[in-house]
Asker: 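One structure coming up, written as structure tokens, with questions to follow.
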Amino acid sequence: MAITKAVIPAAGLGTRFLPATKAVPKELLPLVDTPALEYVVREASLAGLRDVLMITGKTKGAMLDHFDRLWDLEAVLEQKGDIKRLQAIQDSAKLATIHATRQHAPRGLGHAVSLARKHIGDEPFAVLLGDDLIDPRDPVLPTMIQVRQRLGGSVVALIRVPPEEISLYGSASAQLVDPALLAGLAGPESSGAVFQLSDLVEKPDPGSAPSDLAIIGRYILDPVIFDALEHTEPGRGGEIQLTDALGDLASRPASQGGGLHGVLFTGRRYDTGNRLSYLKAVVQLAADHPDLGKDFSRWLLEFVPQLTLDHDG
Ligand code: G1P
């Protein structure tokens, strides 16, 4: 069955970016000139996921507006002959059909995903977290979709992280899948090994992680996840954790939609989840930007030698 639907949880309060996120959702903070959310919707669209459900909080309106046609703004740009910007704002409206549902209380990622049940029905679907941006040159979703089609069950994207970082992520024990089972799959080089996962832990305490493999925010889920989420008790932070429901799926038989695999991602990824990583992402994307990259890089090279580490605190 083709996978055509994506869910983007976007109901977080964005407290790490206050006061910027007092009235603007963190998903709309720009990376150079494009909101993080547009990168994520574009990634979904390029992978054939053109039905996107956003799980929103109080700032739903602005997020939906971003993917809508804005006729008055289009008319102004057209009058000015600013075709480039006109195309840019029309383009974001063509990426996908956007739907939204509200999460009324911050009860966790698992709870947010459970709210998609009615919209998704009985189909496999993708979940994309907006804090993780995957460089379009290194797509991972197509490989994950192929792994689901070949092996069934659900699939997550993984990266290897140093021990001091694993507590920021969900982690799992992993066993390499026999490459013979994957023969013929066309995956880009950036998406290498495939693992069978078990013993999932959300944000393990330092020293107790099952492996150095961290789940990043890309998931292909069997619809049986909704059943698992219904039975998932609040976990880490008192919230309903998607990782805990995935642990349940990992131990269910394939005949019941169970099984969980991980695709190791070694491509370019930008974490926009906190101020420091967001700044790094902006600098990287600016240096690569088609219009600004050259000028920005030239300035950056002049600026960097003047830097000192002489800050208070
Ligand atoms: C969420 C998930 C976690 C995953 C992470 C990836 O955590 O709960 O398992 O590793 O996304 O970014 P969050 O970063 O939203 O706290």
Side-chain angles (χ1 to χ4, degrees), residues 6-17 21 25-27 29 36-37 39-40 43 54-57 103 105-116 126-135 140-141 144 154-174 195 197-206 208-221 225 228-229 232-250 260-265 267-278 280-281:
V7 174
I8 301 182
L13 296 174
T15 45
R16 289 175 187 161
F17 289 90
T21 46
K26 84 169 173 195
E27 289 77 8
L29 295 181
L37 189 59
Y39 281 96
V40 177
E43 181 193 345
M54 291 184 198
I55 313 292
T56 64
Q103 184 183 27
R107 293 182 55 204
L109 178 59
H111 177 253
V113 171
S114 76
L115 299 175
V127 172
L128 289 83
L129 304 188
D131 285 351
D132 280 310
L133 299 192
I134 304 287
D135 193 298
V140 66
L141 284 172
M144 295 171 70
S154 298
V155 185
V156 298
L158 301 168
I159 55 168
R160 290 197 189 277
V161 298
E164 64 277 13
E165 284 177 25
I166 195 75
S167 310
L168 299 171
Y169 296 92
S171 184
S173 297
F195 297 92
L197 303 180
S198 58
D199 308 322
L200 278 86
V201 188
E202 174 66 4
K203 309 216 166 84
D205 292 329
S208 71
S211 73
D212 65 346
L213 291 167
I215 300 173
I216 55 166
R218 297 294 178 274
Y219 307 80
I220 303 293
L221 299 176
I225 191 75
L229 282 167
T232 301
E233 298 290 330
R236 177 67 70 183
E239 296 186 339
I240 310 231
Q241 297 294 350
L242 183 59
T243 304
D244 294 340
L246 290 172
D248 175 352
L249 293 197
L260 181 67
H261 294 96
V263 169
L264 185 65
F265 176 70
R268 285 158 281 195
R269 159 182 172 264
Y270 313 97
D271 171 9
T272 62
N274 64 62
R275 291 178 306 169
L276 182 61
S277 61
Y278 171 81
K280 291 180 191 172

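Values reported hereafter were calculated over all heavy atoms of this structure, with side chains retained and with hydrogens, waters and symmetry mates removed. Remember, it's 1-based here, ligands and their atoms both numbered in the order they're listed.
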Asker: Please could you name the atoms of ligand 1 that Y169 approaches to less than 4.0 Å, counting only its heavy atoms?
Answerer: 10 (O)

Asker: Is the Y278 to F17 ring centre distance short of 6.0 Å?
Answerer: yes

Asker: For the residue pair V7 and L115, establish whether any side-chain heavy-atom pair is separated by less than 4.5 Å.
Answerer: no

Asker: If you round to the nearest 0.5 Å, how far is OG1 of T21 from CD of E27?
Answerer: 9.5 Å

Asker: Does ligand 1 have a heavy atom under 4.0 Å from the side chain of D271, from its backbone, from both, or from neither?
Answerer: neither

Asker: Is G217 in polar range of ligand 1, meaning some N or O pair under 3.5 Å apart?
Answerer: no

Asker: Based purely on interatomic distance, does K203 place a nitrogen or oxygen under 3.5 Å from a nitrogen or oxygen of ligand 1?
Answerer: yes

Asker: Among the heavy atoms of R236, does any lie under 4.0 Å from an atom of ligand 1?
Answerer: no

Asker: Within the structure, does I215 bring an N/O atom to less than 3.5 angstrom of an N/O atom in ligand 1?
Answerer: yes

Asker: Taking all atoms of both residues into account, what is the closest heavy-atom pair of S198 and A250, and its distance?
Answerer: CA-CB, 4.4 Å

Asker: Would one find an N or O of E202, backbone or side chain, under 3.5 Å from an N or O of ligand 1?
Answerer: yes

Asker: Could you identify the single nearest non-hydrogen protein atom to atom 11 (O) of ligand 1 and state the distance to 0.1 Å?
Answerer: L129 CD1, 3.3 Å

Asker: What do you think, any protein heavy atom under 4.0 angstrom from atom 15 (O) of ligand 1?
Answerer: no

Asker: If you compare all heavy atoms of I134 against all heavy atoms of F265, which two are closest, and at what distance to 0.1 Å?
Answerer: CG2-CZ, 3.7 Å

Asker: Check L242 against ligand 1 and report side chain, backbone, both or neither, counting heavy atoms closer than 4.0 Å.
Answerer: neither

Asker: At less than 4.0 angstrom from any non-hydrogen atom of T243, what atoms of ligand 1 do you find?
Answerer: 9 (O)

Asker: Any idea which protein heavy atom is nearest atom 12 (O) of ligand 1, and the distance to it?
Answerer: D132 OD2, 3.1 Å

Asker: Taking side chain as C-beta onward, heavy atoms only, is T243 less than 4.5 Å from K203?
Answerer: no

Asker: Should D131 be listed as contacting ligand 1, given a heavy-atom distance under 4.0 Å as the test?
Answerer: no

Asker: Does any part of the side chain of P206, heavy atoms only, come nearer than 4.5 Å to the side chain of P163, both counted from C-beta?
Answerer: no

Asker: Hey, what do you get for CG (D135) to OH (Y39), rounding to the nearest 0.5 Å?
Answerer: 9.0 Å

Asker: Walk me through whether I215 and L197 qualify under side chain to side chain contact (heavy atoms under 4.5 Å, CB included).
Answerer: CA-CA 11 Å; I215 300 173; L197 303 180; 5.6 Å; no

